Amino acid sequence: MKHLLFLGLLALAGATQAQQRTAFAPGQPWPDNKGTHLNAHGGGVLYDQGRYYLYGEHKIAGPKGNSAQVGVHCYSSKDLYNWQDEGIAFAVAPEGSGSEVEKGCVLERPKVVYNKQTGKYVMWFHLELKGKGYEAARTAVAVSDKATGPYQYVRSYRPGAGQWPLGFKEEWKQPVPGEKDLKWWTPAWYKAVAEGSFIRRDFEPGQMARDMTVYVDDDGKAYHIASSEDNLTLHVAELTPDYQGFTGKWNTIAPAGHNEAPALCKKDGKYYLITSGCTGWDPNAARSFVSSSIWGPWQPLANPATGPQANTTFNSQSTYILPVAGKKDAFIFMADRWTPKNPIDGGYIWLPLTFDGFQPRLTWADKWDLSMFDQPKNGTKTAQ
Ligand code: GAL
């Protein structure tokens with residue numbers, strides 16, 4: 001009995017200890033309130049009624065863990081350092097059910113937004129159908145009455161079906177003979193991509209959607225941003241007022257720029273986009289863009305990362321930019337350190353996103369906390 005009491009006290013002490021994180025330690029194991037490394041990869045954060053909710057891919061051990069075996073895991077926090085396990089917010093459908101979201105599908109980069117008009121929490125994610133590799137290139141939506149779920153599956157989409165993007169010229173609407181045979185990365189091919197060769201190809205079924213994010217603007221309008229056209233071009237598309245579908249208004253970003261892992265924020269009326277290049281699970285140098293309108297034109301800027309390992313974004317790939325509640329111009333860059341051989345071990349790189357003029361900046365810090373955002377505002381102080 002005494003022994004049990006002792007063990008109980010030890011467990012309690014452990015739990016209390018796990019509750020007392022006061023800083024971010026990028027790349028280090030990040031225990032939740034039960035002492036288990038967070039399992040929310042390719043994640044995003046929703047701030048709702050004084051609490052942050054983190055959603056991400058629940059991964060399992062072993063290579064099978066790169067496909068969805070469980071679903072989307074949710075955690076909640078008041079301070080961003082200490083996360084409480086809220087369980088599986090969206091569960092994959094049982095194996096053999098024939099559902100688009102059945103166990104073994106690919107379900108990546110879940111992002112949740114709250115819709116004030118409907119009072120629903122809306123989750124979007126990149127969906128690939130079971131056994132079909134990455135060819136389906138769909139985006140999918142699920143809804144819930146509660147932030148923590150359970151989310152009910154609604155449907156999947158190929159966005160932009162039957163809709164040309166903004167500014168698409170009349171003469172671009174007809175197929176160009178030979179365009180499919182052009183050699184990739186040649187000047188003629190770049191021109192063809194910029195003038196819609198892939199958009200024409202996918203006009204009827206709808207445009208491909210792989211790595212994605214969802215952004216809600218100050219006016220309550222929401223946008224879906226995804227890697228499309230064989231990952232060559234990002235597409236930004238307006239969501240319907242209930243955030244569960246597409247209005248049909250969309251545009252391209254950086255045609256043939258080969259951008260993945262889009263993450264977006266807004267500061268002083270300008271939109272900033274951080275992306276990665278396309279090297280699968282291997283990290284590469286991040287890119288950044290600025291625009292006065294979500295529809296563009298997006299001006300390419302430099303790699304936001306500086307210092308050692310800037311060329312691999314500190315061995316990580318962007319997933320989300322988190323605005324810190326109640327602090328002006330305080331943004332956290334969230335990224336994944338993928339471990340595809342044992343996906344459950346994947347690490348999290350959260351760093352302060354600062355600005356040098358218009359240029360977003362990321363500087364490595366072994367340890368940092370939110371007080372770095374409390375300095376006199378020029379936004380350029382780096383973490384220790
Ligand atoms: C990455 C992408 C991940 C995942 C992976 C699969 O480029 O960002 O979300 O799709 O490829 O190889």
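Start at 1 with the first residue, then count along the sequence. Order of appearance sets the numbers: ligands from 1, and atoms from 1 within every ligand. Not measured: the values here are computed from a predicted model.
Taking a cutoff of 4.0 Å between a charged side-chain nitrogen and a carboxylate oxygen, Glu95 and Lys130 qualify as a salt bridge. A salt bridge links Lys221 with Glu238: at least one charged nitrogen is closer than 4.0 Å to a carboxylate oxygen.
Given atom 1 (C) of ligand 1, the protein heavy atom at minimum distance is Gly280 O, 3.3 Å. Atom 10 (O) of ligand 1 has as its closest protein heavy atom Glu108 OE1, 2.7 Å.
Counting heavy atoms closer than 4.0 Å to ligand 1, residue Arg109 contributes side-chain atoms (C-beta onward) but none from N, CA, C or O.
Residue Ala261 has no nitrogen or oxygen atom sitting less than 3.5 Å from a nitrogen or oxygen atom of ligand 1, judged on distance alone. By the 3.5 Å distance cut-off applied to N or O atoms, Glu260 is counted among the residues near ligand 1. In terms of N/O distances under 3.5 Å, ligand 1 is approached by Gln317. Below 3.5 Å of separation, one finds an N or O of Asp211 facing an N or O of ligand 1.
Ring to ring, His37 and Tyr348 are close: their centroids are under 6.0 angstrom apart. When ring centroids are compared, Trp124 and Phe246 come within the 6.0 Å threshold.
Ligand 1 places these atoms under 4.0 Å from at least one heavy atom of Tyr134: 4 (C), 6 (C), 10 (O).
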Run Asp366 and Trp368 through side chain to side chain donor-acceptor pair (under 3.5 Å) and show every step you take. CA-CA 7 Å; Asp366 288 334; Trp368 67 283; over 6 Å; no
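Using modelled atom types and a 3.5 Å distance limit, the side chains of Ser144 and Gln152 yield no donor-acceptor pair.
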